[in-house]
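Working notes, structure below.
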Amino acid sequence: MRRRDFLRQSSASATLLSLSSLSLTSFVPETDSRQITILHTNDVHSHIDAFGPESGRNSNKGGVARRASLIQSLREQNPNTLLLDAGDIFQGTPYFNYYGGELEFKLMSMLKYDLATIGNHDFDNGIEGLYKQLPHANFEFVSANYDFSKTVMNEHVKPYKIFKKNGIKIGVFGLGIELNGLVLKKQYKETVYRDPIEISQDMSRILKEDEQCDLIICLSHLGHYYKKDPNKISDVVLARATKHIDLIIGGHTHTFLKKPIIEKNILGENVLINQVGCYGLYMGKIDFFFDSNKSKKVRGTTILV
Amino acid sequence: MVLKNHILIKNKLILVGLVLCFFSCKDNFHLNKIEGSRLEINSQIKEDSLINNFMEPYRLNVNKNLDSVLAFSIDTYSKNDGELNTAIGNLMADAVFKEANPIFKSKTQESIDFVLLNHGGIRSILPKGPVTTRSAYQLMPFENSVVVAKLKGIVVKELVNYLQYAKRAHPISGLTIKLDKDSQLLEAKIHGEIINDDHYYNVATNDYLYNGGDNMSFFQKSDTLHILNYKIRNVLIDYFSKNDTIRPMIDQRFIRIN
(Lines give C-alpha, C1' and ligand atoms only; values in the text may rest on other atoms or scores of the structure.)
Protein backbone atom coordinates (compact mmCIF):
# COMPACT_ATOMS: atom_id res chain seq x y z
CA MET A 1 0.00 0.00 0.00
CA ARG A 2 1.28 3.37 -1.01
CA ARG A 3 0.23 4.94 2.23
CA ARG A 4 2.20 2.47 4.28
CA ASP A 5 5.21 3.03 2.07
CA PHE A 6 4.92 6.69 2.61
CA LEU A 7 4.79 6.29 6.33
CA ARG A 8 7.68 3.87 6.41
CA GLN A 9 9.82 6.22 4.41
CA SER A 10 8.97 9.09 6.61
CA SER A 11 10.81 9.21 9.85
CA ALA A 12 7.89 11.23 11.10
CA SER A 13 6.14 9.80 14.11
CA ALA A 14 3.76 7.18 15.25
CA THR A 15 1.11 9.78 15.77
CA LEU A 16 0.73 10.09 12.04
CA LEU A 17 0.20 6.38 11.67
CA SER A 18 -2.65 6.52 14.09
CA LEU A 19 -4.05 9.46 12.19
CA SER A 20 -4.26 7.70 8.88
CA SER A 21 -5.51 4.43 10.19
CA LEU A 22 -7.76 5.52 13.00
CA SER A 23 -10.14 8.33 13.54
CA LEU A 24 -9.02 11.82 12.70
CA THR A 25 -9.74 13.30 16.07
CA SER A 26 -7.28 10.93 17.68
CA PHE A 27 -4.55 13.22 16.41
CA VAL A 28 -5.50 16.03 18.75
CA PRO A 29 -3.15 15.72 21.69
CA GLU A 30 -4.42 15.95 25.23
CA THR A 31 -2.34 19.05 25.70
CA ASP A 32 -3.68 22.60 25.53
CA SER A 33 -5.95 22.74 22.46
CA ARG A 34 -7.48 25.97 21.29
CA GLN A 35 -10.16 26.45 18.68
CA ILE A 36 -10.59 29.57 16.55
CA THR A 37 -13.79 29.77 14.50
CA ILE A 38 -13.91 31.95 11.41
CA LEU A 39 -17.39 32.77 10.11
CA HIS A 40 -17.63 34.57 6.84
CA THR A 41 -19.96 36.06 4.24
CA ASN A 42 -19.38 37.80 0.92
CA ASP A 43 -21.41 39.66 -1.69
CA VAL A 44 -24.46 39.96 0.53
CA HIS A 45 -25.52 42.85 -1.74
CA SER A 46 -28.06 44.43 0.60
CA HIS A 47 -30.05 41.20 0.93
CA ILE A 48 -31.55 41.89 4.30
CA ASP A 49 -34.86 40.05 3.99
CA ALA A 50 -34.96 36.33 3.25
CA PHE A 51 -35.95 35.33 -0.27
CA GLY A 52 -39.61 34.53 -0.79
CA PRO A 53 -41.01 31.19 -1.95
CA GLU A 54 -41.01 32.16 -5.66
CA SER A 55 -37.32 32.93 -6.01
CA GLY A 56 -36.02 29.89 -7.88
CA ARG A 57 -32.93 28.33 -6.35
CA ASN A 58 -32.78 31.12 -3.74
CA SER A 59 -36.31 30.40 -2.48
CA ASN A 60 -36.75 30.71 1.28
CA LYS A 61 -33.03 31.13 1.84
CA GLY A 62 -31.01 33.94 3.34
CA GLY A 63 -32.14 36.72 5.67
CA VAL A 64 -30.17 38.70 8.21
CA ALA A 65 -32.44 37.83 11.16
CA ARG A 66 -31.77 34.12 10.66
CA ARG A 67 -28.07 34.67 10.14
CA ALA A 68 -28.04 36.62 13.41
CA SER A 69 -29.40 33.75 15.47
CA LEU A 70 -27.10 31.24 13.80
CA ILE A 71 -24.09 33.44 14.54
CA GLN A 72 -25.21 33.85 18.12
CA SER A 73 -25.51 30.12 18.70
CA LEU A 74 -22.11 29.50 17.10
CA ARG A 75 -20.56 32.19 19.29
CA GLU A 76 -22.07 30.48 22.31
CA GLN A 77 -20.40 27.24 21.21
CA ASN A 78 -17.07 28.98 20.72
CA PRO A 79 -16.57 32.52 21.96
CA ASN A 80 -13.24 32.64 20.11
CA THR A 81 -14.97 33.43 16.87
CA LEU A 82 -14.28 36.04 14.21
CA LEU A 83 -17.00 37.19 11.83
CA LEU A 84 -15.68 38.54 8.52
CA ASP A 85 -17.12 39.87 5.27
CA ALA A 86 -15.31 39.92 1.92
CA GLY A 87 -17.03 42.94 0.39
CA ASP A 88 -19.93 43.98 -1.84
CA ILE A 89 -22.04 44.67 1.17
CA PHE A 90 -23.91 47.28 -0.85
CA GLN A 91 -26.28 47.22 -3.81
CA GLY A 92 -28.88 44.72 -4.80
CA THR A 93 -32.14 45.50 -3.05
CA PRO A 94 -34.17 48.68 -2.57
CA TYR A 95 -32.75 48.92 0.97
CA PHE A 96 -29.55 50.18 -0.56
CA ASN A 97 -31.32 52.51 -2.96
CA TYR A 98 -33.35 54.01 -0.12
CA TYR A 99 -30.85 54.10 2.72
CA GLY A 100 -27.48 54.12 0.96
CA GLY A 101 -26.01 51.29 3.04
CA GLU A 102 -26.97 52.62 6.46
CA LEU A 103 -29.13 49.60 7.28
CA GLU A 104 -26.53 47.12 6.03
CA PHE A 105 -23.84 48.62 8.29
CA LYS A 106 -26.17 48.93 11.28
CA LEU A 107 -27.22 45.30 11.00
CA MET A 108 -23.66 44.06 10.53
CA SER A 109 -22.77 46.00 13.67
CA MET A 110 -25.63 44.34 15.55
CA LEU A 111 -24.40 40.95 14.32
CA LYS A 112 -20.98 41.97 15.70
CA TYR A 113 -19.00 41.66 12.52
CA ASP A 114 -15.32 42.01 13.35
CA LEU A 115 -13.94 43.12 10.00
CA ALA A 116 -14.78 43.60 6.33
CA THR A 117 -12.99 44.44 3.13
CA ILE A 118 -14.23 46.68 0.35
CA GLY A 119 -15.85 45.39 -2.83
CA ASN A 120 -16.33 47.25 -6.09
CA HIS A 121 -20.05 47.76 -5.40
CA ASP A 122 -19.25 49.42 -2.12
CA PHE A 123 -18.24 52.38 -4.32
CA ASP A 124 -21.67 52.48 -5.97
CA ASN A 125 -22.63 55.72 -4.23
CA GLY A 126 -19.13 57.02 -4.80
CA ILE A 127 -16.35 57.00 -2.25
CA GLU A 128 -18.22 59.75 -0.39
CA GLY A 129 -21.26 57.46 -0.25
CA LEU A 130 -19.15 54.83 1.51
CA TYR A 131 -17.53 57.35 3.80
CA LYS A 132 -20.93 58.76 4.76
CA GLN A 133 -22.05 55.37 6.09
CA LEU A 134 -18.94 54.72 8.21
CA PRO A 135 -20.50 56.13 11.41
CA HIS A 136 -23.04 53.27 11.21
CA ALA A 137 -20.33 50.60 11.22
CA ASN A 138 -18.99 49.37 14.55
CA PHE A 139 -16.54 47.15 12.70
CA GLU A 140 -13.42 48.09 10.77
CA PHE A 141 -12.38 47.81 7.15
CA VAL A 142 -9.11 46.45 5.83
CA SER A 143 -7.61 46.85 2.39
CA ALA A 144 -3.90 46.53 1.80
CA ASN A 145 -3.85 47.27 -1.90
CA TYR A 146 -6.24 50.23 -2.11
CA ASP A 147 -4.33 53.37 -1.33
CA PHE A 148 -6.94 55.77 0.01
CA SER A 149 -4.45 58.39 1.17
CA LYS A 150 -5.73 61.01 -1.27
CA THR A 151 -9.42 60.32 -0.57
CA VAL A 152 -11.95 60.92 2.20
CA MET A 153 -11.39 57.31 3.31
CA ASN A 154 -7.82 58.10 4.34
CA GLU A 155 -7.12 56.65 7.80
CA HIS A 156 -10.49 54.87 7.84
CA VAL A 157 -9.16 51.73 6.19
CA LYS A 158 -6.16 49.85 7.51
CA PRO A 159 -4.09 47.39 5.50
CA TYR A 160 -4.52 44.72 8.18
CA LYS A 161 -5.83 44.09 11.65
CA ILE A 162 -4.56 41.75 14.31
CA PHE A 163 -6.89 39.94 16.67
CA LYS A 164 -5.86 38.01 19.74
CA LYS A 165 -8.31 35.29 20.66
CA ASN A 166 -7.54 32.90 23.49
CA GLY A 167 -3.82 33.60 23.08
CA ILE A 168 -3.87 32.93 19.34
CA LYS A 169 -2.69 35.81 17.21
CA ILE A 170 -4.70 36.20 14.00
CA GLY A 171 -3.65 38.62 11.27
CA VAL A 172 -6.26 39.57 8.68
CA PHE A 173 -5.44 41.70 5.66
CA GLY A 174 -7.71 42.89 2.86
CA LEU A 175 -7.39 42.92 -0.93
CA GLY A 176 -9.59 44.68 -3.46
CA ILE A 177 -10.15 44.22 -7.16
CA GLU A 178 -8.81 46.51 -9.93
CA LEU A 179 -11.32 49.35 -10.07
CA ASN A 180 -10.45 50.75 -13.47
CA GLY A 181 -12.97 49.41 -15.99
CA LEU A 182 -15.23 48.08 -13.25
CA VAL A 183 -16.09 51.21 -11.33
CA LEU A 184 -16.29 54.70 -12.76
CA LYS A 185 -13.36 56.93 -11.93
CA LYS A 186 -15.73 59.59 -10.64
CA GLN A 187 -16.86 57.10 -8.02
CA TYR A 188 -13.52 55.77 -6.78
CA LYS A 189 -11.81 59.14 -7.30
CA GLU A 190 -8.15 59.12 -6.23
CA THR A 191 -8.18 55.58 -4.82
CA VAL A 192 -5.02 53.88 -6.10
CA TYR A 193 -5.06 50.15 -6.84
CA ARG A 194 -1.81 48.33 -6.13
CA ASP A 195 -0.65 44.91 -7.25
CA PRO A 196 -2.23 42.29 -4.94
CA ILE A 197 0.66 39.82 -5.17
CA GLU A 198 3.34 42.36 -4.29
CA ILE A 199 1.22 43.73 -1.47
CA SER A 200 0.49 40.22 -0.16
CA GLN A 201 4.19 39.44 -0.07
CA ASP A 202 4.67 42.49 2.17
CA MET A 203 1.63 41.57 4.25
CA SER A 204 2.68 37.97 4.82
CA ARG A 205 6.18 39.11 5.84
CA ILE A 206 4.80 41.68 8.26
CA LEU A 207 2.18 39.37 9.73
CA LYS A 208 4.36 36.27 9.93
CA GLU A 209 7.82 37.60 10.68
CA ASP A 210 7.25 40.94 12.38
CA GLU A 211 3.92 40.33 14.10
CA GLN A 212 4.45 36.56 14.62
CA CYS A 213 0.84 35.72 13.83
CA ASP A 214 -0.31 32.15 14.38
CA LEU A 215 -2.94 32.44 11.67
CA ILE A 216 -2.95 34.63 8.55
CA ILE A 217 -6.17 35.31 6.69
CA CYS A 218 -6.62 37.24 3.49
CA LEU A 219 -10.02 38.86 3.03
CA SER A 220 -10.22 39.22 -0.73
CA HIS A 221 -12.59 40.73 -3.23
CA LEU A 222 -10.42 39.69 -6.19
CA GLY A 223 -12.69 36.90 -7.40
CA HIS A 224 -12.21 33.16 -7.07
CA TYR A 225 -10.70 32.24 -10.44
CA TYR A 226 -11.14 33.40 -14.04
CA LYS A 227 -11.24 30.36 -16.32
CA LYS A 228 -11.21 32.42 -19.50
CA ASP A 229 -8.33 34.51 -18.23
CA PRO A 230 -6.39 32.19 -15.90
CA ASN A 231 -3.52 34.61 -15.38
CA LYS A 232 -5.82 37.35 -14.15
CA ILE A 233 -5.28 37.90 -10.46
CA SER A 234 -7.73 35.85 -8.41
CA ASP A 235 -7.78 34.01 -5.10
CA VAL A 236 -6.36 30.89 -6.75
CA VAL A 237 -3.58 32.81 -8.51
CA LEU A 238 -2.81 34.69 -5.31
CA ALA A 239 -2.65 31.51 -3.23
CA ARG A 240 -0.14 29.93 -5.62
CA ALA A 241 2.09 33.00 -5.79
CA THR A 242 2.41 33.83 -2.10
CA LYS A 243 3.38 32.27 1.22
CA HIS A 244 2.28 32.14 4.85
CA ILE A 245 -1.41 32.73 4.05
CA ASP A 246 -3.53 30.06 5.75
CA LEU A 247 -6.92 31.07 4.43
CA ILE A 248 -8.24 33.28 1.65
CA ILE A 249 -11.86 34.29 2.09
CA GLY A 250 -13.05 35.43 -1.30
CA GLY A 251 -15.84 37.32 -3.00
CA HIS A 252 -16.80 39.13 -6.18
CA THR A 253 -17.39 36.16 -8.50
CA HIS A 254 -20.39 34.89 -6.46
CA THR A 255 -18.76 31.47 -6.45
CA PHE A 256 -20.76 28.88 -4.53
CA LEU A 257 -18.17 26.54 -3.04
CA LYS A 258 -19.67 23.62 -1.15
CA LYS A 259 -16.44 23.42 0.82
CA PRO A 260 -13.15 25.29 0.86
CA ILE A 261 -10.68 24.31 -1.83
CA ILE A 262 -7.02 23.60 -1.12
CA GLU A 263 -4.24 25.15 -3.19
CA LYS A 264 -0.47 24.98 -2.80
CA ASN A 265 1.42 28.15 -2.12
CA ILE A 266 4.84 29.04 -3.51
CA LEU A 267 6.46 26.89 -0.79
CA GLY A 268 4.18 23.94 -1.48
CA GLU A 269 2.16 24.51 1.67
CA ASN A 270 -1.60 24.25 1.78
CA VAL A 271 -3.77 27.33 1.46
CA LEU A 272 -7.52 27.14 1.97
CA ILE A 273 -9.73 29.25 -0.28
CA ASN A 274 -13.40 29.68 0.40
CA GLN A 275 -16.32 31.71 -0.93
CA VAL A 276 -20.01 31.31 -0.15
CA GLY A 277 -21.80 32.57 -3.27
CA CYS A 278 -23.83 35.66 -2.56
CA TYR A 279 -26.92 37.32 -1.02
CA GLY A 280 -26.43 35.80 2.43
CA LEU A 281 -27.75 32.43 1.29
CA TYR A 282 -24.88 30.71 3.07
CA MET A 283 -22.27 31.42 5.67
CA GLY A 284 -18.82 29.86 5.70
CA LYS A 285 -17.44 28.32 8.88
CA ILE A 286 -13.82 27.33 9.24
CA ASP A 287 -12.41 26.04 12.51
CA PHE A 288 -8.72 26.15 13.28
CA PHE A 289 -7.48 23.93 16.07
CA PHE A 290 -4.15 24.81 17.65
CA ASP A 291 -2.11 23.00 20.27
CA SER A 292 0.81 24.21 22.27
CA ASN A 293 2.62 20.90 22.43
CA LYS A 294 6.25 21.81 21.83
CA SER A 295 7.84 18.43 22.11
CA LYS A 296 7.63 17.24 18.52
CA LYS A 297 9.97 18.40 15.82
CA VAL A 298 7.80 17.18 12.98
CA ARG A 299 4.24 18.37 12.74
CA GLY A 300 1.17 17.79 10.65
CA THR A 301 -1.99 19.70 9.90
CA THR A 302 -5.14 17.80 9.14
CA ILE A 303 -7.54 19.50 6.79
CA LEU A 304 -11.10 18.28 6.96
CA VAL A 305 -13.43 19.83 4.47
CA MET B 1 9.87 24.69 5.92
CA VAL B 2 7.79 22.05 4.30
CA LEU B 3 9.48 18.76 3.62
CA LYS B 4 6.63 16.65 2.45
CA ASN B 5 3.11 17.25 1.57
CA HIS B 6 0.69 14.43 1.20
CA ILE B 7 -2.99 14.46 0.46
CA LEU B 8 -5.19 11.40 0.76
CA ILE B 9 -8.75 11.30 -0.38
CA LYS B 10 -10.60 9.30 2.24
CA ASN B 11 -13.90 9.49 0.46
CA LYS B 12 -15.77 11.91 -1.72
CA LEU B 13 -16.41 14.37 1.04
CA ILE B 14 -13.38 14.07 3.24
CA LEU B 15 -10.07 15.34 2.04
CA VAL B 16 -7.23 14.85 4.43
CA GLY B 17 -4.07 16.81 3.98
CA LEU B 18 -1.02 15.91 5.95
CA VAL B 19 1.65 18.49 6.08
CA LEU B 20 4.87 17.25 7.54
CA CYS B 21 6.61 20.33 8.57
CA PHE B 22 9.85 21.01 10.33
CA PHE B 23 9.06 23.18 13.22
CA SER B 24 10.99 26.20 12.12
CA CYS B 25 8.16 28.71 11.98
CA LYS B 26 6.81 29.38 15.44
CA ASP B 27 6.97 27.55 18.67
CA ASN B 28 4.03 28.93 20.60
CA PHE B 29 1.10 27.26 18.90
CA HIS B 30 0.90 24.65 16.24
CA LEU B 31 -1.97 24.50 13.77
CA ASN B 32 -3.17 20.99 14.24
CA LYS B 33 -6.41 20.64 12.37
CA ILE B 34 -8.67 22.69 10.10
CA GLU B 35 -12.33 21.96 9.54
CA GLY B 36 -14.35 23.78 6.91
CA SER B 37 -18.06 23.68 6.27
CA ARG B 38 -20.82 25.67 4.61
CA LEU B 39 -23.93 26.61 6.53
CA GLU B 40 -27.15 27.20 4.65
CA ILE B 41 -29.31 30.05 5.89
CA ASN B 42 -32.78 28.59 5.56
CA SER B 43 -36.22 28.65 7.15
CA GLN B 44 -35.22 26.08 9.76
CA ILE B 45 -33.18 28.76 11.48
CA LYS B 46 -35.23 30.85 13.85
CA GLU B 47 -35.21 34.59 13.17
CA ASP B 48 -33.61 36.81 15.77
CA SER B 49 -36.52 38.92 17.00
CA LEU B 50 -34.31 41.84 18.04
CA ILE B 51 -32.96 42.12 14.50
CA ASN B 52 -36.41 41.67 13.04
CA ASN B 53 -37.90 44.41 15.20
CA PHE B 54 -35.06 46.73 14.32
CA MET B 55 -35.60 46.14 10.61
CA GLU B 56 -39.37 46.54 10.67
CA PRO B 57 -39.61 50.35 10.23
CA TYR B 58 -37.12 50.25 7.37
CA ARG B 59 -39.01 47.39 5.77
CA LEU B 60 -42.34 49.19 6.04
CA ASN B 61 -40.92 52.37 4.59
CA VAL B 62 -39.23 50.63 1.67
CA ASN B 63 -42.37 48.65 0.90
CA LYS B 64 -44.46 51.79 1.03
CA ASN B 65 -42.08 53.39 -1.47
CA LEU B 66 -41.94 50.31 -3.65
CA ASP B 67 -45.70 50.34 -3.87
CA SER B 68 -45.99 53.99 -4.81
CA VAL B 69 -47.65 54.30 -8.20
CA LEU B 70 -45.56 55.69 -11.06
CA ALA B 71 -47.80 55.01 -14.06
CA PHE B 72 -50.74 52.97 -15.26
CA SER B 73 -50.51 50.03 -17.61
CA ILE B 74 -53.53 49.64 -19.90
CA ASP B 75 -53.04 45.91 -20.34
CA THR B 76 -51.05 42.93 -19.12
CA TYR B 77 -47.87 42.43 -21.12
CA SER B 78 -45.82 39.26 -21.24
CA LYS B 79 -42.62 38.43 -23.07
CA ASN B 80 -44.42 35.40 -24.49
CA ASP B 81 -46.88 37.54 -26.47
CA GLY B 82 -45.27 38.03 -29.86
CA GLU B 83 -42.92 36.07 -32.05
CA LEU B 84 -39.96 38.24 -33.00
CA ASN B 85 -40.92 41.36 -31.09
CA THR B 86 -43.06 41.79 -28.01
CA ALA B 87 -44.78 44.81 -26.55
CA ILE B 88 -42.97 44.48 -23.24
CA GLY B 89 -39.58 43.99 -24.94
CA ASN B 90 -40.19 47.01 -27.17
CA LEU B 91 -41.07 49.01 -24.08
CA MET B 92 -37.80 48.07 -22.37
CA ALA B 93 -35.59 48.66 -25.42
CA ASP B 94 -37.31 51.96 -26.22
CA ALA B 95 -36.99 53.05 -22.59
CA VAL B 96 -33.25 52.33 -22.68
CA PHE B 97 -32.96 54.35 -25.90
CA LYS B 98 -34.94 57.32 -24.55
CA GLU B 99 -33.47 57.45 -21.07
CA ALA B 100 -29.86 56.50 -21.76
CA ASN B 101 -29.30 58.52 -24.93
CA PRO B 102 -29.19 61.95 -23.25
CA ILE B 103 -26.64 60.62 -20.74
CA PHE B 104 -24.55 59.09 -23.50
CA LYS B 105 -24.74 62.33 -25.51
CA SER B 106 -23.61 64.43 -22.58
CA LYS B 107 -20.61 62.14 -22.09
CA THR B 108 -19.54 61.68 -25.70
CA GLN B 109 -21.36 64.24 -27.90
CA GLU B 110 -22.51 61.19 -29.89
CA SER B 111 -25.85 59.39 -30.10
CA ILE B 112 -26.85 55.82 -29.43
CA ASP B 113 -27.63 54.21 -32.80
CA PHE B 114 -29.63 51.30 -31.49
CA VAL B 115 -30.37 49.15 -28.44
CA LEU B 116 -30.15 45.39 -28.00
CA LEU B 117 -31.29 43.63 -24.83
CA ASN B 118 -32.12 39.97 -24.26
CA HIS B 119 -35.45 38.22 -24.11
CA GLY B 120 -34.35 36.28 -21.01
CA GLY B 121 -33.67 39.55 -19.23
CA ILE B 122 -37.39 40.32 -19.01
CA ARG B 123 -37.98 38.71 -15.64
CA SER B 124 -41.72 39.13 -15.15
CA ILE B 125 -44.93 40.29 -16.76
CA LEU B 126 -46.16 43.86 -16.48
CA PRO B 127 -49.69 43.50 -15.13
CA LYS B 128 -52.60 45.72 -16.10
CA GLY B 129 -53.16 48.51 -13.62
CA PRO B 130 -50.85 50.55 -11.43
CA VAL B 131 -47.16 50.40 -12.32
CA THR B 132 -44.96 50.81 -9.26
CA THR B 133 -41.29 50.87 -8.41
CA ARG B 134 -41.79 47.27 -7.38
CA SER B 135 -42.85 46.50 -10.97
CA ALA B 136 -39.47 47.78 -12.14
CA TYR B 137 -37.70 45.59 -9.58
CA GLN B 138 -39.74 42.59 -10.72
CA LEU B 139 -39.08 43.23 -14.42
CA MET B 140 -35.40 43.74 -13.71
CA PRO B 141 -34.27 42.32 -10.37
CA PHE B 142 -30.67 42.11 -11.58
CA GLU B 143 -28.15 44.84 -11.20
CA ASN B 144 -27.28 45.08 -14.87
CA SER B 145 -26.42 48.50 -16.20
CA VAL B 146 -26.47 50.18 -19.57
CA VAL B 147 -23.22 50.10 -21.53
CA VAL B 148 -22.64 51.46 -25.02
CA ALA B 149 -20.31 49.49 -27.27
CA LYS B 150 -18.95 50.90 -30.50
CA LEU B 151 -19.33 48.21 -33.17
CA LYS B 152 -18.16 48.32 -36.78
CA GLY B 153 -20.89 47.75 -39.41
CA ILE B 154 -19.45 44.39 -40.31
CA VAL B 155 -19.81 43.32 -36.67
CA VAL B 156 -23.34 44.73 -36.50
CA LYS B 157 -24.11 42.33 -39.34
CA GLU B 158 -22.94 39.48 -37.09
CA LEU B 159 -25.33 40.81 -34.46
CA VAL B 160 -28.17 40.78 -37.00
CA ASN B 161 -27.15 37.27 -38.00
CA TYR B 162 -27.33 36.23 -34.35
CA LEU B 163 -30.88 37.64 -34.07
CA GLN B 164 -31.90 35.99 -37.31
CA TYR B 165 -30.93 32.55 -36.03
CA ALA B 166 -31.85 33.08 -32.37
CA LYS B 167 -35.49 33.37 -33.48
CA ARG B 168 -36.31 34.91 -30.15
CA ALA B 169 -37.83 38.26 -29.46
CA HIS B 170 -34.69 39.86 -28.11
CA PRO B 171 -35.70 43.47 -27.50
CA ILE B 172 -34.32 45.98 -29.99
CA SER B 173 -34.84 49.68 -30.60
CA GLY B 174 -33.53 51.71 -33.54
CA LEU B 175 -32.78 48.57 -35.54
CA THR B 176 -35.29 46.97 -37.91
CA ILE B 177 -35.00 43.46 -39.32
CA LYS B 178 -37.12 41.76 -41.97
CA LEU B 179 -36.85 38.05 -42.63
CA ASP B 180 -38.54 36.03 -45.37
CA LYS B 181 -40.73 33.03 -44.66
CA ASP B 182 -37.61 30.81 -44.49
CA SER B 183 -36.02 33.16 -41.98
CA GLN B 184 -33.55 34.43 -44.54
CA LEU B 185 -32.55 38.04 -44.10
CA LEU B 186 -34.37 40.45 -46.39
CA GLU B 187 -33.34 43.69 -44.84
CA ALA B 188 -31.65 45.14 -41.76
CA LYS B 189 -31.64 48.88 -41.19
CA ILE B 190 -30.53 51.28 -38.50
CA HIS B 191 -32.86 54.26 -38.31
CA GLY B 192 -34.01 53.53 -41.84
CA GLU B 193 -30.55 53.20 -43.34
CA ILE B 194 -28.77 50.11 -44.57
CA ILE B 195 -25.83 48.99 -42.45
CA ASN B 196 -22.49 50.21 -43.76
CA ASP B 197 -19.69 47.68 -43.16
CA ASP B 198 -17.11 50.33 -42.37
CA HIS B 199 -19.29 52.66 -40.36
CA TYR B 200 -19.13 52.57 -36.55
CA TYR B 201 -22.36 52.26 -34.57
CA ASN B 202 -23.03 52.99 -30.92
CA VAL B 203 -24.94 50.01 -29.58
CA ALA B 204 -26.53 50.27 -26.14
CA THR B 205 -26.91 46.99 -24.26
CA ASN B 206 -26.37 45.79 -20.71
CA ASP B 207 -23.09 44.75 -19.13
CA TYR B 208 -24.21 41.11 -18.92
CA LEU B 209 -24.66 40.84 -22.68
CA TYR B 210 -21.58 42.91 -23.40
CA ASN B 211 -19.57 40.35 -21.43
CA GLY B 212 -20.80 37.53 -23.64
CA GLY B 213 -24.07 36.67 -21.90
CA ASP B 214 -26.56 34.75 -24.10
CA ASN B 215 -23.60 33.99 -26.40
CA MET B 216 -23.61 37.50 -27.80
CA SER B 217 -19.91 37.16 -28.55
CA PHE B 218 -19.94 39.95 -31.16
CA PHE B 219 -19.79 42.53 -28.39
CA GLN B 220 -16.27 41.42 -27.65
CA LYS B 221 -15.27 42.86 -31.03
CA SER B 222 -16.17 46.36 -29.95
CA ASP B 223 -13.47 49.03 -30.14
CA THR B 224 -14.75 51.28 -27.38
CA LEU B 225 -16.99 50.76 -24.38
CA HIS B 226 -18.81 53.44 -22.45
CA ILE B 227 -20.10 52.49 -19.01
CA LEU B 228 -23.03 54.77 -18.21
CA ASN B 229 -23.44 53.56 -14.65
CA TYR B 230 -27.18 53.56 -15.21
CA LYS B 231 -29.06 50.47 -14.18
CA ILE B 232 -31.68 49.01 -16.48
CA ARG B 233 -34.04 49.03 -13.51
CA ASN B 234 -33.49 52.73 -12.96
CA VAL B 235 -34.08 53.29 -16.67
CA LEU B 236 -37.49 51.68 -16.17
CA ILE B 237 -38.26 53.65 -13.02
CA ASP B 238 -37.34 56.89 -14.80
CA TYR B 239 -39.36 55.92 -17.86
CA PHE B 240 -42.43 54.98 -15.80
CA SER B 241 -42.15 58.23 -13.83
CA LYS B 242 -42.21 60.29 -17.04
CA ASN B 243 -45.04 58.40 -18.77
CA ASP B 244 -48.46 58.28 -17.16
CA THR B 245 -49.89 55.63 -19.41
CA ILE B 246 -47.95 52.55 -20.43
CA ARG B 247 -49.27 51.30 -23.76
CA PRO B 248 -46.51 49.41 -25.57
CA MET B 249 -47.20 47.63 -28.87
CA ILE B 250 -45.95 44.82 -31.02
CA ASP B 251 -44.76 46.56 -34.20
CA GLN B 252 -42.80 46.01 -37.41
CA ARG B 253 -39.25 46.33 -36.01
CA PHE B 254 -38.43 42.63 -36.24
CA ILE B 255 -40.74 40.62 -38.46
CA ARG B 256 -40.99 37.63 -40.71
CA ILE B 257 -42.85 38.23 -43.98
CA ASN B 258 -44.85 35.19 -44.96
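Numbers restart at 1 for each chain; the letters A, B, ... are given by sequence-line order, proteins then strands. Side chains included, hydrogens not; waters and symmetry mates left out as well; all remaining heavy atoms used.
For B/Lys46, the NZ atom counts as loosely surrounded, since its 6.0 Å shell holds 12 or fewer non-hydrogen atoms of other residues, nucleotides or ligands. Applying the 6.0 Å contact sphere to CG of B/Asn215 captures no more than 12 heavy atoms from other residues, nucleotides or ligands.
Contact of A/Leu70 with chain B is made through backbone and side chain together, with heavy-atom distances under 4.5 Å. Heavy atoms closer than 4.5 Å to chain B are found in the side chain of A/Tyr98, but not in its backbone. With a threshold of 4.5 angstrom between heavy atoms, A/Ser73 does not approach chain B through any atom at all. With a 4.5 angstrom heavy-atom cutoff, A/Leu272 touches chain B only via side-chain atoms. Looking at A/Tyr99, the atoms closer than 4.5 Å to chain B (heavy atoms on both sides) all sit in the side chain, from C-beta outward. Both the backbone and the side chain of A/Pro94 come within less than 4.5 Å of a heavy atom of chain B. In this structure, no portion of A/Glu209 lies under 4.5 Å from any heavy atom of chain B. Using a 4.5 Å cut-off between heavy atoms, A/Leu74 contacts chain B through its side chain alone, with no backbone atom that close. Residue contact with chain B, scored on non-hydrogen atoms closer than 4.5 Å, involves the side chain of A/Glu102 exclusively.
Ranked by non-hydrogen atom pairs under 4.5 Å with chain B, the options A/Asp246, A/Leu257, A/Leu215 are led by A/Leu257. Counting heavy-atom pairs closer than 4.5 Å to chain B, the top-ranked of the candidates A/Asp49, A/Ile48, A/Thr37 is A/Asp49. The choice from B/Asn61, B/Ile34, B/Val62 that makes the most heavy-atom pairs within less than 4.5 Å of chain A is B/Ile34. Ranking A/Ile168, A/Ile36, A/Val64 against chain B, the residue ahead of the rest is A/Ile168, based on heavy-atom pairs under 4.5 Å.
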Q) So B/Asn118 and B/Tyr208, side-chain hydrogen bond (donor to acceptor under 3.5 Å, both in side chains) or not? Walk me through it. A) CA-CA 10 Å; B/Asn118 63 323; B/Tyr208 167 73; 5.3 Å; no
Q | Worked check of ring pair (Phe, Tyr, Trp, His ring centres under 6.0 Å) between A/Tyr279 and A/His254 | A | CA-CA 9 Å; A/Tyr279 307 154; A/His254 297 197; 5.8 Å; yes
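Put simply, the side chain of A/Gln275 gets close to the backbone of A/Thr255: a donor and an acceptor are under 3.5 Å apart. At distances below 3.5 Å, at least one donor-acceptor pair connects side-chain atoms of B/Asp113 with backbone N or O atoms of B/Asn202.
Test A/Phe123, A/Phe96, A/Tyr95 against A/Phe90 for ring-ring contact (aromatic ring centres under 6.0 Å, His included) and you get one pass: A/Phe96. With respect to A/Ser46, the side chain to side chain donor-acceptor pair (under 3.5 Å) criterion is satisfied by exactly one of A/His121, A/Gln91, A/Glu104: A/Glu104. With respect to A/Ile249, the side-chain contact (heavy atoms from CB on, under 4.5 Å) criterion is satisfied by exactly one of A/Ile217, A/Ile273, A/Asn42: A/Ile217.
In this structure, A/Arg34 is not positioned above the aromatic face of A/Phe290 in the sense of NZ or CZ being under 6.0 Å from the six-membered ring centre and within 45° of the axis.
In terms of heavy atoms, B/Leu151 sits closest to B/Ser222 at CD2-CB, 3.5 Å.
The stretch residues 127-138 of chain B places B/Thr133, B/Tyr137 near chain A, each with some heavy atom under 4.5 Å from a heavy atom of that chain.
Residue B/Tyr200 holds its OH atom at 4.5 Å from NZ of B/Lys152, rounded to the nearest 0.5 Å.
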